[in-house]
Amino acid sequence: MLGCAMNFSLAIKVLVFCLSAFTALANADSIYQQSMVRLNAQNSSAPQIQTLANYQGSPLLTAFFMPNCRWCQRQHKVLKKIQHTCPTIQTVMLGVQGSKQKLRHELMREKNTFPAYVANNNIVQAIGAKSPVPMMLLFNSQGSLVFKTIGYTSTEKLTALLTQHNIKVCLT
């Protein structure tokens, strides 16, 4: 029994450390200033390396995905539904654990309409290189991290989280 308590205590310490490291990245200036490769630029003359600076000032939902992830595909469908009921929330897809070509293929398969980027090394390190996907991070209009979801999140649960955290972007 003592061994279980010690393991639980260690797990809590590791979790606190990881959350502290992520919080350092997730503040308003850093997440929006991270340079990332754009996967689906509207035109070929647009710069391929961009930041999320254009998304400052309103809620931003970042959704992490990877190639050949069925749960990511299901999460993408939820995000499309949310887009209709919460039109002012900005959603950005961040690809991890795959080549640009495979990430682009995944976006085409899902008929993606959201801006999409390859998550850079700073972001991957902050969330953990082996973090499960799908995962979402929501930042409020001030750029503060409001919540993080790991794994598939249903439309109802995502809408409830937005409401619970006073992110008033959804139509009632």
Side-chain angles (χ1 to χ4, degrees), residues 17-84 86-153 158 162 167 169:
F17 174 76
C18 289
L19 287 175
S20 298
F22 183 75
T23 301
L25 171 71
N27 75 34
D29 292 332
S30 62
I31 190 70
Y32 294 104
Q33 303 311 317
Q34 297 295 315
S35 296
M36 293 179 273
V37 174
R38 180 77 188 254
L39 289 170
N40 60 350
Q42 292 292 334
N43 59 45
S44 58
S45 65
Q48 293 298 310
I49 305 292
Q50 299 177 356
T51 68
L52 299 179
N54 292 338
Y55 302 100
Q56 286 180 290
S58 61
L60 174 65
L61 181 65
T62 57
F64 292 83
F65 73 100
M66 64 184 264
N68 303 315
C69 168
R70 286 191 182 140
W71 289 108
C72 298
Q73 294 165 6
R74 290 178 180 147
Q75 191 66 69
H76 199 264
K77 287 175 178 52
V78 167
L79 294 172
K80 286 180 180 178
K81 286 182 190 175
I82 290 286
Q83 187 177 34
H84 295 292
C86 307
T88 60
I89 194 166
Q90 299 181 89
T91 302
V92 173
M93 305 299 292
L94 296 177
V96 295
Q97 302 179 24
S99 68
K100 287 183 270 187
Q101 181 182 7
K102 288 182 180 180
L103 292 168
R104 283 185 179 118
H105 177 74
E106 199 64 37
L107 293 169
M108 287 189 313
R109 177 191 352 221
E110 293 304 313
K111 297 179 175 77
N112 177 65
T113 58
F114 302 113
Y117 302 85
V118 176
N120 72 14
N121 288 338
N122 292 336
I123 293 173
V124 171
Q125 287 176 353
I127 64 170
K130 299 293 183 186
S131 287
V133 290
M135 176 178 25
M136 293 182 288
L137 305 174
L138 180 80
F139 298 89
N140 64 18
S141 57
Q142 292 78 39
S144 298
L145 180 64
V146 176
F147 66 78
K148 173 183 178 180
T149 65
I150 296 177
Y152 173 78
T153 305
L158 184 54
L162 292 167
I167 306 297
V169 295

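Reckoned from all heavy atoms, side chains included, excluding hydrogens, waters and symmetry mates.
Legend: salt bridge (charged side-chain N to carboxylate O under 4.0 Å, His left out) pairs involving residues 88-109, not counting sequence neighbours, sorted by first then second residue: Glu106-Arg109. Pairs engaging residues 110-125 under the salt bridge (charged side-chain N to carboxylate O under 4.0 Å, His left out) rule: Lys77-Glu110 [sequence neighbours left out].
Shortest non-hydrogen contact noted between Val96 and Met66 is O-CB, 3.2 Å. The shortest non-hydrogen separation linking Thr91 to Pro115 is O-CD, 3.3 Å. Looking at every heavy atom in both residues, Phe147 comes nearest to Leu145 through O-CD1, 3.6 Å. Listed here is the closest heavy atom pair of Asn120 and Ser35: ND2-O, 3.0 Å. Taking each heavy atom of Leu103 and Phe65 in turn, the nearest pair found is CD2-CE1, 3.7 Å. Closest non-hydrogen pair, Gln97 versus Pro67, comes out as O-CD, 3.8 Å.
Remark: Thr149 OG1 to Met136 CE distance equals 3.5 Å, nearest 0.5 Å. One distance of note links CG of Leu137 with CE of Met135; it measures 6.0 Å at 0.5 Å rounding.
With sequence neighbours left out, Ser141 forms a side-chain contact (heavy atoms from CB on, under 4.5 Å) with Pro59. Take Ser58 and apply the side chain to side chain donor-acceptor pair (under 3.5 Å) test, not counting sequence neighbours, and it matches Gln90. Applying the side chain to side chain donor-acceptor pair (under 3.5 Å) test to Asn54 and every residue at least two apart in sequence or in another chain returns nothing. Under the ring-ring contact (aromatic ring centres under 6.0 Å, His included) criterion, Tyr55 pairs with no residue, sequence neighbours left out.
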Determine, stepwise, if the pair Val92 / Leu61 fulfils side-chain contact (heavy atoms from CB on, under 4.5 Å). CA-CA 6 Å; Val92 173; Leu61 181 65; over 6 Å; no
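Ring pair His76/Phe114 is perpendicular by interplanar angle, where above 60° counts as perpendicular and below 30° as parallel.
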